[in-house]
Number of protein chains: 2
Amino acid sequence: MTAPNPATLWGRVLVEELVAGGLEAVCIAPGSRSTPLTVAFAQHPDVTVYSHLDERSASFFALGRARRTGEPTALVCTSGTAAANFHPAVIEADRARVPLLVLTADRPHELRDSGANQTVDQVKLYGDAVRWYAELPDPEADERKVRSLRTTAARALANTGGVDPGPVHLNCPFRKPLEPIEVPDAVPDEFGESLAGQGRDGPFVETAGGSTTLADGQIETLADALEAADRPLIVAGPADPAALQALSCEDVVTVADRVGAPILADPLSALRFGDHVGTESIADSRSGGLIFGGYDGYIDELPAPDVVVRFGASPTSKRLRHTLGDADCEQYLLDPAGDWREATFTATNLLETSPAAAFDAVREILSERSESTTDATPDAPARDASDDWMTHVTDAERRHWAIRDAATDASEFEPNPFEGAILGAVFEHAPDPSTVFVSNSMPIRDADRFARPRAADVTVLSNRGASGIDGITSTALGAGSTAAEPLVLVTGDLAFYHDSNGLLAIERCGVDATIVVLDNDGGGIFHKLPIEGFDPPFTDQFKTPHGLEFDGLADTYGLELESVDPVEFVDAYRRSLAADGTQVLVLEFDSAASHRRREALDRQVREDVRADTP
Amino acid sequence: MTAPNPATLWGRVLVEELVAGGLEAVCIAPGSRSTPLTVAFAQHPDVTVYSHLDERSASFFALGRARRTGEPTALVCTSGTAAANFHPAVIEADRARVPLLVLTADRPHELRDSGANQTVDQVKLYGDAVRWYAELPDPEADERKVRSLRTTAARALANTGGVDPGPVHLNCPFRKPLEPIEVPDAVPDEFGESLAGQGRDGPFVETAGGSTTLADGQIETLADALEAADRPLIVAGPADPAALQALSCEDVVTVADRVGAPILADPLSALRFGDHVGTESIADSRSGGLIFGGYDGYIDELPAPDVVVRFGASPTSKRLRHTLGDADCEQYLLDPAGDWREATFTATNLLETSPAAAFDAVREILSERSESTTDATPDAPARDASDDWMTHVTDAERRHWAIRDAATDASEFEPNPFEGAILGAVFEHAPDPSTVFVSNSMPIRDADRFARPRAADVTVLSNRGASGIDGITSTALGAGSTAAEPLVLVTGDLAFYHDSNGLLAIERCGVDATIVVLDNDGGGIFHKLPIEGFDPPFTDQFKTPHGLEFDGLADTYGLELESVDPVEFVDAYRRSLAADGTQVLVLEFDSAASHRRREALDRQVREDVRADTP
């Protein structure tokens with residue numbers, strides 16, 4: 001590796017090492033100070049470059065790609081406020097454990113705080129939201145410096161992953177010339193032949209990530225607790241990308257089956273959709289056996305669990321969170337980084353382990369025990385209490401879906417259209433395989449309640465790390481950029497407006513999608529909150545109706561837009577899924593009416609479940 | 001003051017104090033956690049509430065209002081990534097000394113880092129970019145706590161101003177209920193009668209901001225240096241809002257006239273436009289006497305100055321910055337905060353003083369000396385060297401505008417349209433009074449070169465603190481929200497796209513504008529840089545043509561859009577200025593051709609000036 005000048009050398013070496021270390025894609029926003037990075041990425045044959053014009057959208061796009069693949073995705077911007085536009089996505093990546101590598105160009109050190117143009121304080125710009133912050137040294141063809149650069153690239157990539165994946169920030173000062181212009185003697189020929197100059201075949205440093213596992217005794221304790229429980233419960237919260245890749249759903253299902261534990265599967269966990277659904281021993285449930293999805297409707301009407309094992313982030317269902325908060329029993333939190341991820345503070349045990357490793361180990365223990373039990377006492381009685389428990393939950397789940405089915409039947413739906421039914425239909429008819437990205441704040445809640453578990457390879461994603469409505473479209477498109485499978489985005493009118501700039505990526509980055517906009521002209525979620533009773537300021541400051549029609553945005557970004565009657569949604573949805581290009585399906589709803597309908601269905605489920613409960 | 005619960009009490013007391021302390025406007029983005037603040041602002045009769053749906057646009061709108069008025073403007077958002085969307089505007093406010101008060105709602109302390117929804121680390125979210133960070137205590141009807149809250153409001157407002165104005169961040173944790181719902185005994189009746197509960201007539205704490213002035217001896221030294229100089233130069237850089245309000249242009253002009261110093265007036269200084277232009281003793285110059293605006297074309301062709309007095313931020317003109325960097329002479333930097341604001345590091349004296357105070361004092365000294373000189377030696381010879389110097393600069397300035405006039409004449413312009421001519425016309429025909437907001441990165445550079453000084457009350461604004469192209473439309477609309485005078489925004493296609501969401505404020509916030517979009521389909525500035533010679537990646541990664549047509553955006557936001565032939569710009573511009581509502585005038589340019597034209601004109605001016613220079 002040689003280069004016409006130090007800045008170009010820096011860009012080339014850094015990009016060479018990142019790509020050798022496995023980086024496959026980068027999102028770049030145009031700028032001058034970042035020229036050495038941009039040129040090096042653009043000229044590297046083995047990395048995909050996505051060019052974006054709004055840094056905020058760029059960063060969410062990168063987030064989406066990293067979220068879908070679990071692979072680190074890089075971001076490049078110039079100096080100044082550009083870097084601050086990445087901040088929301090960096091925070092989401094932090095909270096949601098998404099591997100993001102942020103490369104911000106900066107002015108040379110001596111220009112900081114001197115009134116130089118486009119120069120701001122970028123040192124630790126994202127505070128504690130990054131796993132690692134490093135500032136590159138001033139570019140120079142110095143062997144030790146360049147070895148440090150190669151090593152820094154390996155460390156940066158490694159720090160986006162591991163047991164606690166997340167964003168890493170490298171601040172990269174460059175001085176002119178920034179372009180590949182020859183500066184005589186700046187990079188001597190002999191430098192190219194040094195170890196620093198040549199690098200190594202493959203990455204300069206190979207990094208191997210470890211994983212956290214527990215001692216055998218701890219796993220035994222967990223297995224014991226599950227086996228001894230009368231009403232064990234497994235709660236799968238939203239998965240981070242690494243967990244989504246690593247977890248064996250079969251292991252979880254096998255353990256659950258063995259101990260008689262229902263699995264409450266958040267739509268964002270790996271468990272609500274997949275081949276493991278409906279293939280278990282309890283086959284008669286409409287919900288698919290051990291995987292439960294309707295619990296938000298009834299969980300607090302059931303007897304309290306007596307042992308809980310939970311993993312992933314805090315569940316989307318507020319009712320589930322509160323039920324767990326009220327459950328004064330052994331509650332095991334499994335987390336690979338040993339983080340505390342439940343805000344009711346009633347969990348009793350924090351186990352620093354990857355859920356994948358823990359379930360694999362528990363499954364093995366239970367299987368060994370089962371074999372020895374079968375040998376010793378072939379006629380051991382079934383665990384009656386546990387069977388009752390499972391029956392209970394299964395009945396409640398069945399109630400939930402029966403009522404939902406009725407509500408979405410044409411005869412009931414036509415006079416009472418509501419947003420939840422659309423979420424149900426989106427998932428019921430989602431292609432197998434597909435990626436479905438669901439916006440905050442109401443759509444993901446409706447997905448939680450109305451997306452029935454299904455034996456199909458549907459990857460459900462959302463920005464639930466910080467639960468913002470910013471960057472939704474871009475995150476979805478980033479997720480869709482990487483997979484050959486269809487991409488569906490379900491979003492609201494506020495989120496669709498908020499990231500309207502993200503629509504530019506559809507053409508520029510070549511992503512096709514079906515975009516379902518649930519347009520209730522403002523913030524539907526506020527109808528759920530007591531502020532609804534105080535108007536003013538409810539309408540003007542909370543609900544904030546804007547009256548926007550989205551045809552103009554569709555025109556601007558060359559998209560087909562169709563206003564769809566909610567009653568005809570499934571047909572329009574199927575047509576879009578079968579078509580090329582991106583279609584925007586806009587469905588208008590009255591958010592207050594939708595909310596009343598949700599409440600009515602909820603009451604109905606609860607009454608039915610209550611009537612069933614002895 | 002009493003309240004149904006502690007959160008509501010907190011919101012009411014804080015807002016009461018802020019408004020009593022002089023806060024007149026707030027930009028609010030909808031959210032739940034911020035309910036106590038939003039409700040209190042919405043219910044206060046004496047504060048203007050602007051409701052925005054995208055926090056990034058909200059923050060730039062607030063920035064624009066504060067930038068135009070010099071008055072602190074508040075921002076409110078909910079917890080989570082919403083707050084990070086303010087970060088770019090906070091950085092701009094920091095660098096540009098704009099008083100911004102950021103109120104971010106947060107979850108209660110115990111929910112942080114626990115996986116609670118929409119909970120991120122907001123502590124010192126903006127790092128060192130704020131003048132003051134404080135976290136409010138947990139709301140409670142405790143007398144000392146509430147007195148601290150009232151005091152904090154006064155301190156926060158005061159810290160947005162003073163000698164170094166800028167952003168202040170109050171992080172505001174709230175616990176439920178967030179709405180004005182009665183919680184028995186939470187705020188006892190007797191609390192309302194305490195000092196804490198009642199507050200005082202007017203603000204709880206009156207704050208008085210000081211200003212920095214120099215000792216008499218220091219001012220004498222400055223006056224001596226100016227008087228003794230053969231080629232004195234006054235450089236007025238971009239002004240911060242406080243300076244824009246406080247500076248007496250007449251003082252500067254009087255001093256300049258007395259010592260024979262040309263005033264190089266950045267378009268963003270207070271000096272390029274105003275009644276002081278063209279009213280001085282050197283009346284024959286086309287540029288209006290002592291105020292020079294064309295210096296970017298010729299300054300390095302003239303003899304070097306031998307004393308420089310500069311104030312404000314670093315000038316827009318790169319050639320001027322480099323010329324000052326090469327001028328090995330006494331260079332006085334005047335700055336109220338004693339900041340170092342020139343990145344060539346050749347200035348010799350840093351004077352911690354407000355420019356207003358310094359020029360007032362120097363004027364007085366010179367005036368006293370003049371009187372005594374006149375008394376003693378009535379026939380004192382004129383300062384010949386200084387006269388030559390002024391003639392020199394005046395001749396060069398005249399050359400500049402003569403060539404510009406020729407270039408914009410129909411006969412020359414029709415075959416060679418270029419963006420700079422539009423900037424010239426925008427300012428030549430800007431109403432008196434008016435506010436003209438100019439985007440980064442090419443429009444402000446063209447304004448610098450092509451906006452001729454004029455005896456009209458034209459307030460020129462730009463985001464030159466960090467020189468981003470983000471938030472431009474919103475900043476302009478925020479600036480326009482406060483003044484009765486017409487608002488003009490000159491922006492580029494990338495900046496117009498970047499903040500397309502900001503257009504929503506036109507209707508929601510009731511701002512009318514004339515928006516001139518110089519559409520050269522990508523980043524015109526990159527033609528100025530050496531990267532132009534490397535294609536690829538020049539076109540795809542730097543110039544980044546996007547092909548966007550803006551009709552759809554205009555439709556979305558209910559604006560009139562007109563595609564205007566550059567040759568017919570002045571007519572369309574005048575029509576728009578005379579019309580109600582907001583018009584978007586889109587002018588298409590070939591950025592490469594524009595750049596070549598700028599270069600040719602520049603060469604022409606330099607050759608002429610060089611021919612004149614002895």
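Model, not experiment: these values are computed from the prediction. Labels below follow one simple rule: chain letters A, B, ... track the order of the sequence lines, proteins then strands, and each chain is numbered from 1.
- Only the backbone of P545(A) comes within contact range of chain B, with heavy atoms under 4.5 Å apart.
- Between chain B and the options S32(A), G80(A), P180(A), the largest number of non-hydrogen pairs under 4.5 Å is found for P180(A).
- Contacts of K124(A) with chain B are absent, with no heavy-atom separation under 4.5 Å from either backbone or side chain.
- Ranked by heavy-atom pairs under 4.5 Å with chain B, the list D121(A), D555(A), L548(A) is led by L548(A).
- For A42(A), the part lying under 4.5 angstrom from a heavy atom of chain B is the side chain only.
- For chain B, the nearby parts of L125(A) are the backbone and the side chain; heavy atoms of each come within less than 4.5 Å.
- Both the backbone and the side chain of I531(A) come within contact range of chain B, with heavy atoms under 4.5 Å apart.
- Interface remark: F542(A) contributes backbone and side-chain atoms alike to the contact with chain B (heavy atom separation under 4.5 Å).
- By the 4.0 Å N-to-carboxylate-O rule, D113(A) lies too far from R341(B) to be salt-bridged with it.
- Side-chain contact check for E55(A) and H498(B): at least one donor-acceptor pair (N or O, by modelled atom type) lies under 3.5 Å.
- The side-chain heavy atoms of L553(A) and L553(B), taken from C-beta on, include a pair separated by under 4.5 Å.
- Scanning all heavy atoms of the two residues, the minimum distance from T81(A) to P88(B) falls at CG2-O, 3.5 Å.
- Going from atom CD of Q43(A) over to atom CD of Q541(B) covers 10.5 Å, rounded to the nearest 0.5 Å.
- No other option in L111(A), T35(A), D54(A) has as many heavy-atom pairs under 4.5 Å with chain B as D54(A).
- For R112(A), no part lies near chain B; criterion is any non-hydrogen pair under 4.5 Å.
- The greatest number of non-hydrogen atom pairs below 4.5 Å with chain B, out of A554(A), G115(A), P30(A), is found for P30(A).
- Comparing D470(A), V49(A), I91(A) by heavy-atom pairs within less than 4.5 Å of chain B, the highest count is held by D470(A).
- Of the two parts of P177(A), neither the backbone nor the side chain holds a non-hydrogen atom closer than 4.5 Å to a non-hydrogen atom of chain B.
- When heavy atoms are compared at a cutoff of 4.5 Å, K318(A) approaches chain B solely by way of its side chain, counted from C-beta outward.
- Heavy atoms of Q118(A) lying under 4.5 Å from chain B belong to its backbone as well as its side chain.
- Rounding to the nearest 0.5 angstrom, the gap separating the CD atom in E110(B) from the CZ atom in F345(A) is 6.5 Å.
- Taking CG of N85(A) as the start and CG of N85(B) as the end, the distance is 8.0 Å to the nearest 0.5 Å.
- Comparing L53(A), D540(A), T119(A) by heavy-atom pairs within less than 4.5 Å of chain B, the highest count is held by L53(A).
- The OG atom of S314(A) sits 7.5 Å away from the CG atom of N117(B) when rounded to the nearest 0.5 Å.
- Of the two parts of A116(A), the backbone and the side chain both hold a non-hydrogen atom closer than 4.5 Å to a non-hydrogen atom of chain B.
- Aromatic ring pairs are classed by plane angle as parallel below 30°, tilted from 30° to 60° and perpendicular above 60°; the pair Y497(B) and Y557(A) is perpendicular.
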